[in-house]
Structures are given as C-alpha cells and as structure tokens.
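Note that this is a predicted model, so its numbers are computed, not measured.
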Amino acid sequence: MKKSVKLLASAITAAAFALIVVFAVTVCVVFPNKYVDKLCAAADEFGLSRSLVKSVVWAESRFDEKATSRKGAKGLMQLMPDTFDYCATAIGLPKNADAFDAQNSLRCGCYYLSLLIDKFDGNVTAALMAYNAGEANAHRFLAGEPIFPETKKYLASISKARKVYGLFGG
C-alpha cells in the first residue's frame with residue numbers, strides 16, 4: 001500500500017510539473033518578451049510602464065518588427081508613416097529613419113503614447129483608444145458615442161496582455 005501511494009504521489013508530482021512547464025512554454029510563445037533592453041529603455045525614457053509598452057507591442061504587432069498593417073502602419077508599435085515621421089523628428093532621429101528598426105519604432109511609439117496620455121490627462125484607456133482609432137474618435141468615445149468593435153477588441157487585448165506581462169515584473 002505504501003509503495004502504491006508513493007508511486008501515485010510521484011506520478012501526480014510529475015504530472016503537475018509537466019503541466020507547469022507546458023503552461024510556462026505556452027505563455028512564452030503566446031506572449032513573447034523580445035527586444036527587452038530596447039523596450040525597457042524606451043518605456044523608461046518616456047515614463048511609461050514597461051508592461052503597458054509590452055502589451056501595446058503585443059497587441060499591435062505580436063513583436064514582429066517587420067509588421068505592416070492593411071492601413072500602412074509599420075513596425076513593432078504600428079505607427080502610420082506621418083505619425084512615425086512626426087515622432088522621429090520630435091525625438092531627434094535622423095530624417096528618413098527606418099520605421100522597421102526595433103529601437104526607432106519603440107522610441108517613436110513610446111513618445112507618441114506618452115503624448116496621448118498627457119493629452120488625455122493621464123487617462124491611459126483614452127490614450128489607448130486614441131492610439132488605435134485616432135484622437136478625434138477617442139474624444140467621441142469619451143463623449144458617449146459607441147466605441148468601434150475593433151477598438152473594443154484592442155482594449156481587451158491590451159488588458160489581457162498587461163495581466164500576463166505584469167506577472168513578470170514588466
């Protein structure tokens with residue numbers, strides 16, 4: 001009897017360990033943590049939470065620095081070319097800076113997000129709505145107009161990712 005209890009306990013322990021490993025690997029695959037040094041530096045430079053920036057990158061590009069949207073947004077943080085150029089100039093990047101360069105995208109995206117947070121008096125949700133749907137639409141949403149389904153989905157994605165990235169001290 002004692003031997004079978006020990007075997008059962010060992011089997012349960014091994015199964016639990018295997019589940020934890022599978023869960024950890026799944027989380028790392030679904031929620032990557034790439035470009036950590038550049039991402040943390042950009043978040044810190046513009047006073048943003050690292051988990052927020054990781055979540056925006058995850059929602060925007062899934063950490064694919066070569067991502068391009070149907071509408072033409074580019075890079076990790078998926079900025080439109082005019083927005084990227086404006087931000088690049090504002091932070092002193094050279095003219096014609098590469099929007100697909102991870103550091104450029106992160107610095108410009110963090111700068112832009114910090115601007116939006118300031119414009120919306122620290123309201124991060126409003127800033128995220130503006131990041132996704134534009135400032136004018138965010139003001140409409142705040143005034144009571146229905147939020148676009150895409151923007152609702154975007155906010156939910158950010159919220160989910162922030163919970164995961166927040167677990168890891170991000």
Side-chain angles (χ1 to χ4, degrees), residues 27 29-36 38-93 95-168 170:
V27 167
V29 168
V30 174
F31 295 95
N33 202 17
K34 296 164 69 176
Y35 312 105
V36 175
K38 293 173 184 174
L39 187 147
C40 290
D44 294 349
E45 180 180 0
F46 298 104
L48 298 173
S49 152
R50 293 172 176 184
S51 64
L52 173 62
V53 175
K54 288 175 186 177
S55 300
V56 170
V57 173
W58 182 80
E60 291 288 349
S61 69
R62 296 296 196 267
F63 285 83
D64 177 2
E65 72 179 318
K66 300 299 181 192
T68 303
S69 75
R70 294 180 314 240
K71 294 183 180 181
K74 297 177 182 177
L76 288 172
M77 294 197 69
Q78 290 292 282
L79 294 174
M80 294 299 288
D82 288 345
T83 303
F84 177 83
D85 291 343
Y86 167 80
C87 294
T89 299
I91 64 173
L93 291 179
K95 190 168 178 69
N96 299 319
D98 183 4
F100 292 111
D101 176 81
Q103 186 169 353
N104 292 346
S105 182
L106 289 164
R107 288 190 69 224
C108 287
C110 285
Y111 171 77
Y112 183 55
L113 184 56
S114 71
L115 274 181
L116 292 172
I117 291 170
D118 286 345
K119 284 183 179 184
F120 286 93
D121 297 322
N123 183 335
V124 175
T125 300
L128 291 168
M129 288 189 292
Y131 196 97
N132 177 260
E135 288 180 56
N137 288 321
H139 284 292
R140 288 186 198 108
F141 303 153
L142 293 171
E145 288 191 27
I147 299 173
F148 302 149
E150 176 188 331
T151 302
K152 279 185 180 180
K153 183 178 174 186
Y154 179 77
L155 293 173
S157 292
I158 297 269
S159 178
K160 176 173 58 174
R162 282 188 86 177
K163 288 175 185 165
V164 173
Y165 286 118
L167 293 173
F168 303 106

How long is the gap from [atom1] on [X] to [atom2] on [Y], to the nearest 0.5 Å?
X: Ile158; Y: Tyr131; atom1: CD1; atom2: OH; value: 9.0 Å
X: Phe148; Y: Tyr154; atom1: CZ; atom2: OH; value: 14.5 Å
X: Asp64; Y: Trp58; atom1: CG; atom2: CH2; value: 14.5 Å
X: Leu52; Y: Ile117; atom1: CG; atom2: CD1; value: 5.5 Å
X: Met129; Y: Asn137; atom1: CE; atom2: CG; value: 10.0 Å
X: Leu76; Y: Phe63; atom1: CG; atom2: CZ; value: 7.5 Å

Less than 4.5 Å apart, side chain to side chain, heavy atoms only: is that true for [X] and [Y]?
X: Lys54; Y: Val57; answer: no
X: Met77; Y: Leu106; answer: yes
X: Leu115; Y: Tyr86; answer: yes
X: Arg162; Y: Ser49; answer: yes
X: Tyr112; Y: Leu79; answer: yes

Problem set entry | Lys66 NZ: over 12 foreign heavy atoms closer than 6.0 Å |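 Yes.
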So which heavy atom on [X] is nearest to which on [Y], and how close?
X: Ala102; Y: Lys38; answer: CB-CD, 4.4 Å
X: Cys110; Y: Leu48; answer: O-CD1, 3.4 Å
X: Lys119; Y: Glu135; answer: NZ-OE2, 3.2 Å
X: Ser105; Y: Gly75; answer: OG-C, 3.7 Å
X: Phe84; Y: Asn104; answer: CE1-O, 3.9 Å
X: Phe120; Y: Ala138; answer: CZ-CB, 3.8 Å

Exercise. With sequence neighbours excluded, what pairs up with Lys152 under the salt bridge (Lys or Arg N to Asp or Glu O under 4.0 Å) test?
Worked result: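 Not a single residue meets the salt bridge (Lys or Arg N to Asp or Glu O under 4.0 Å) criterion with Lys152.
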Exercise. Salt bridge (Lys or Arg N to Asp or Glu O under 4.0 Å) with Asp44: which residues, sequence neighbours excluded?
Worked result: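 Residues passing salt bridge (Lys or Arg N to Asp or Glu O under 4.0 Å) with Asp44: Arg50.
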Is there a donor-acceptor pair closer than 3.5 Å between any side-chain N or O of [X] and the backbone N or O of [Y]?
X: Thr151; Y: Ile147; result: no
X: Ser69; Y: Ala73; result: yes
X: Ser159; Y: Leu155; result: no
X: Ser51; Y: Gly166; result: no
X: Asn132; Y: Leu128; result: no

Problem set entry | Residue among Ile91, Thr89, Thr83 satisfying side chain to side chain contact (heavy atoms under 4.5 Å, CB included) with Cys87 |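 Testing each of Ile91, Thr89, Thr83 against Cys87, the sole residue satisfying side chain to side chain contact (heavy atoms under 4.5 Å, CB included) is Thr83.
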Exercise. Will you find, in the side chains of Gln103 and Tyr35, an N or O donor that is under 3.5 Å from an N or O acceptor?
Worked result: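 Note: Gln103 and Tyr35 side chains miss the donor-acceptor criterion.
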For this session: Could I get the full list of side-chain hydrogen bond (donor to acceptor under 3.5 Å, both in side chains) partners for Gln78, not counting sequence neighbours?
Result: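 side-chain hydrogen bond (donor to acceptor under 3.5 Å, both in side chains) list for Gln78, sorted by chain: empty.
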